[in-house]
Amino acid sequence: MIQLLLLFLFLNFHSLLFAQNIFNGVLINSTDSVAIPFAIIKSVETGKYQTTDSKGEFSFSLPPKIQTLHFEINVIGFHGLVEHQVTSINRQKIFISLSASALREIVIQGLSAKQVVEKTINSIPDNYTDSGFVAFSFYRQYQKVNGSFRNLIEAQVGVLFRLTNSGNIITDENAFAVLQMRRTPINYIEQTSESDELIDLLNQNPVYNQLGSILNLKGLYFYQFNFDTTSANEDYIINFSCNDYSCDKHGIENYDELDWHGESWATGQLIIDRTSFAIKRIEVFSARYRDYNYPRYNNFLPSKKFSYKFTDAHLLVEYEKENGKWFLKKLLHEYSYEFDKTVTGEKTFSITDAFEFYCDSVSHFISPALYDSFYVTADLPVRKYQYEKEQWQKALPSIYFFNGDEIYKDLEKAKSLDEQYEEEAK
C-alpha cells in the first residue's frame, strides 16, 4: 500500500514538473542577422520579463499547448509587439528590424542612452558649481488671453543662487536684486496660483531641482531613452518620452498636494557634452491627457467661477561653460490653460503664460551695496519702480515663444509702451 502511494505521488509530481514548457529563443536583427544582446522581452501570455544575454538568447516557462506567442520587445531602435508561431526547434529565432547604425553606436560607446543619462546625473556635482554666485540676468513675462497679448513685465535683475550640496544633490535658494524694471498695466483674468512667477520659473532649472525633474535618478524607470541616430553632432543627442506623467507643474505651487500625477505625458531631448557628461540643453514638451479627470474636482479657481484644465507646456533650458563649470544661460517656460464657467461648463478663456530668463554673466563676488539690495521675493507684478528709459537702450533678447511684433502691436492698442511704463511707475 505504501509503495502504491509513493508511486502515485511520484507520478503526480512528475506530471506537475512537466506541466510547464520551456521556450528557448534567440533575438535576431533581420537587417544583418546579428543577435541582439541585452534587450528587454516581455511574454504577453505570462506577463514575465527576460533580458537577452550577450548572445541574444532568452528562455520562458510557458503553460502547455500554446501554439502562438506574443513578445513585447524593448531595445534601442525598436519597441513593439512581435507574434511568433511555436515550432519544435530547440532554439527558435525571433526576428525584428533594427538599424545597424544604432547597434554600432551602442557597441562603440559601451553605454546605452539610459546609462549616459545616469552618468550625466551622477556627474552634476563635478560639472556645476555648488558655490554661491550672482547671475546678472534679463527676465520677461507676458500672457496671451484668447489670442491677444497683455501683462508684459521686463526686468534687469541680479539673482543670488545660494547653493547647498547634500548627498551629491545640489539645491538652491534664490534672492533677487531688481536693478531696472518696466511693465504694462497688469490685469489678470484669474490666477491659478499665488506663487512668485520668477521663483517658480527658476524652480524649473533641473540641475538644481533634480527631484522635481527628469534628472531624478529614481524616476528614470518610467522613461524611454533613445539615441538620436539622425544627428551628426559630436555631443550625445538623446530623445526621451514618459507616458506615466510629466514633471511640469505649470505654475501650480501645491501641485503635489492636489495629486494631479498622471494628468499629462512628456517628450523631449537632452544634449550632453560627450567629454564631461555635462548637460548643455534640455527641452521638454508636456501635454494633458484629454480624458483625464481631476480628482475630487479640485481644479476650481478660488473664486469658484471657473474650473481650469492644463493643455500643454514647453520648457527649454541651456547651460554654458565658464571657468571649468557649467552655469544656467537660458531658461524658458510657457504653459496654457482652458477655463470653463462653473455653472454652464462653457469654455470662456484660453490663456498662455510665458516666462523667459537669460543670464548675461555670473560672479562669485558681491559688493556690499548690492548685497543689501537682495530680497527673497521679486513680486514684479506689484513692485514699485522708477522707469529710467535710458537704461533700456541696449538690445534685449528676442521674444522666443511668439512673434514679437504681434505682441507689441497688441500691447500698444491703447497707448505707447513708454507711456504705459511711465504710468505704471507712478
Side-chain angles (χ1 to χ4, degrees), residues 10-119 214 217-231 236-245 265-267 270:
F10 173 77
L11 292 173
N12 189 49
F13 174 78
H14 191 268
S15 66
L16 289 172
L17 184 64
F18 289 95
Q20 294 283 329
N21 292 335
I22 303 299
F23 176 87
N24 298 310
V26 56
L27 190 62
I28 302 293
N29 182 11
S30 61
T31 305
D32 53 15
S33 298
V34 173
I36 302 173
F38 312 122
I40 299 174
I41 300 181
K42 176 185 177 182
S43 167
V44 175
E45 280 71 27
T46 65
K48 302 292 185 181
Y49 287 84
Q50 289 287 343
T51 301
T52 60
D53 62 17
S54 59
K55 299 178 181 179
E57 297 179 355
F58 65 97
S59 298
F60 279 104
S61 295
L62 300 171
K65 298 181 180 179
I66 288 184
Q67 299 300 317
T68 304
L69 298 176
H70 298 84
F71 297 109
E72 185 177 337
I73 300 172
N74 188 9
V75 66
I76 300 298
F78 182 89
H79 177 77
L81 192 67
V82 174
E83 184 178 285
H84 176 75
Q85 299 298 322
V86 178
T87 67
S88 59
I89 299 173
N90 180 43
R91 182 70 67 180
Q92 300 178 40
K93 294 181 179 180
I94 310 295
F95 290 94
I96 63 172
S97 179
L98 186 66
S99 63
S101 60
L103 285 175
R104 282 200 300 271
E105 184 169 9
I106 296 172
V107 173
I108 291 172
Q109 300 304 330
L111 294 173
S112 69
K114 183 178 180 180
Q115 288 171 327
V116 170
V117 175
E118 289 175 342
K119 186 168 183 178
I214 184 181
L217 273 174
K218 295 181 179 179
L220 296 188
Y221 168 83
F222 298 97
Y223 286 82
Q224 296 291 331
F225 296 96
N226 295 282
F227 289 111
D228 187 342
T229 57
T230 64
S231 173
Y236 288 112
I237 311 294
I238 296 177
N239 299 322
F240 62 84
S241 63
C242 180
N243 294 326
D244 293 280
Y245 64 91
W265 51 274
T267 61
L270 288 160

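Side chains included, hydrogens not; waters and symmetry mates left out as well; all remaining heavy atoms used. None of the values given here were measured: they were computed from a predicted structure.
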Taking C-beta and beyond as the side chain, do [X] and [Y] meet within less than 4.5 Å on heavy atoms?
{"X": "V26", "Y": "K55", "value": "no"}
{"X": "I41", "Y": "F60", "value": "yes"}
{"X": "F58", "Y": "I94", "value": "yes"}
{"X": "E57", "Y": "N24", "value": "no"}

In Å, rounded to the nearest 0.5 Å, how long is the span from [atom1] of [X] to [atom2] of [Y]?
{"X": "K42", "Y": "L81", "atom1": "NZ", "atom2": "CG", "answer": "9.5 Å"}
{"X": "D228", "Y": "N239", "atom1": "CG", "atom2": "CG", "answer": "4.5 Å"}
{"X": "D244", "Y": "Y223", "atom1": "CG", "atom2": "OH", "answer": "9.5 Å"}

If every non-hydrogen atom of [X] is compared with every non-hydrogen atom of [Y], which pair is closest and at what distance?
{"X": "S97", "Y": "T31", "result": "OG-OG1, 3.8 Å"}
{"X": "I238", "Y": "A113", "result": "CD1-O, 3.6 Å"}
{"X": "S43", "Y": "L62", "result": "OG-CD2, 3.8 Å"}
{"X": "T68", "Y": "V86", "result": "N-CG2, 4.4 Å"}
{"X": "G219", "Y": "Y245", "result": "O-OH, 3.8 Å"}

Y236 and F225 aromatic centres sub-6.0 Å |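 Ring centroids of Y236 and F225 are no less than 6.0 Å from each other.
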
Practice item. Run the numbers on F227 and I237 for side-chain contact (heavy atoms from CB on, under 4.5 Å), then give the verdict. Key: CA-CA 6 Å; F227 289 111; I237 311 294; over 6 Å; no

Would you say [X]'s side chain and [Y]'s backbone share a donor-acceptor pair under 3.5 angstrom?
{"X": "S30", "Y": "I96", "value": "yes"}
{"X": "Q92", "Y": "F23", "value": "no"}
{"X": "Q67", "Y": "Q85", "value": "no"}
{"X": "T52", "Y": "I36", "value": "yes"}

Exercise. Which word best sums up how the rings of H84 and F71 line up, parallel for under 30°, tilted for 30 to 60°, or perpendicular for over 60°?
Worked result: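 Correct class here is tilted.
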
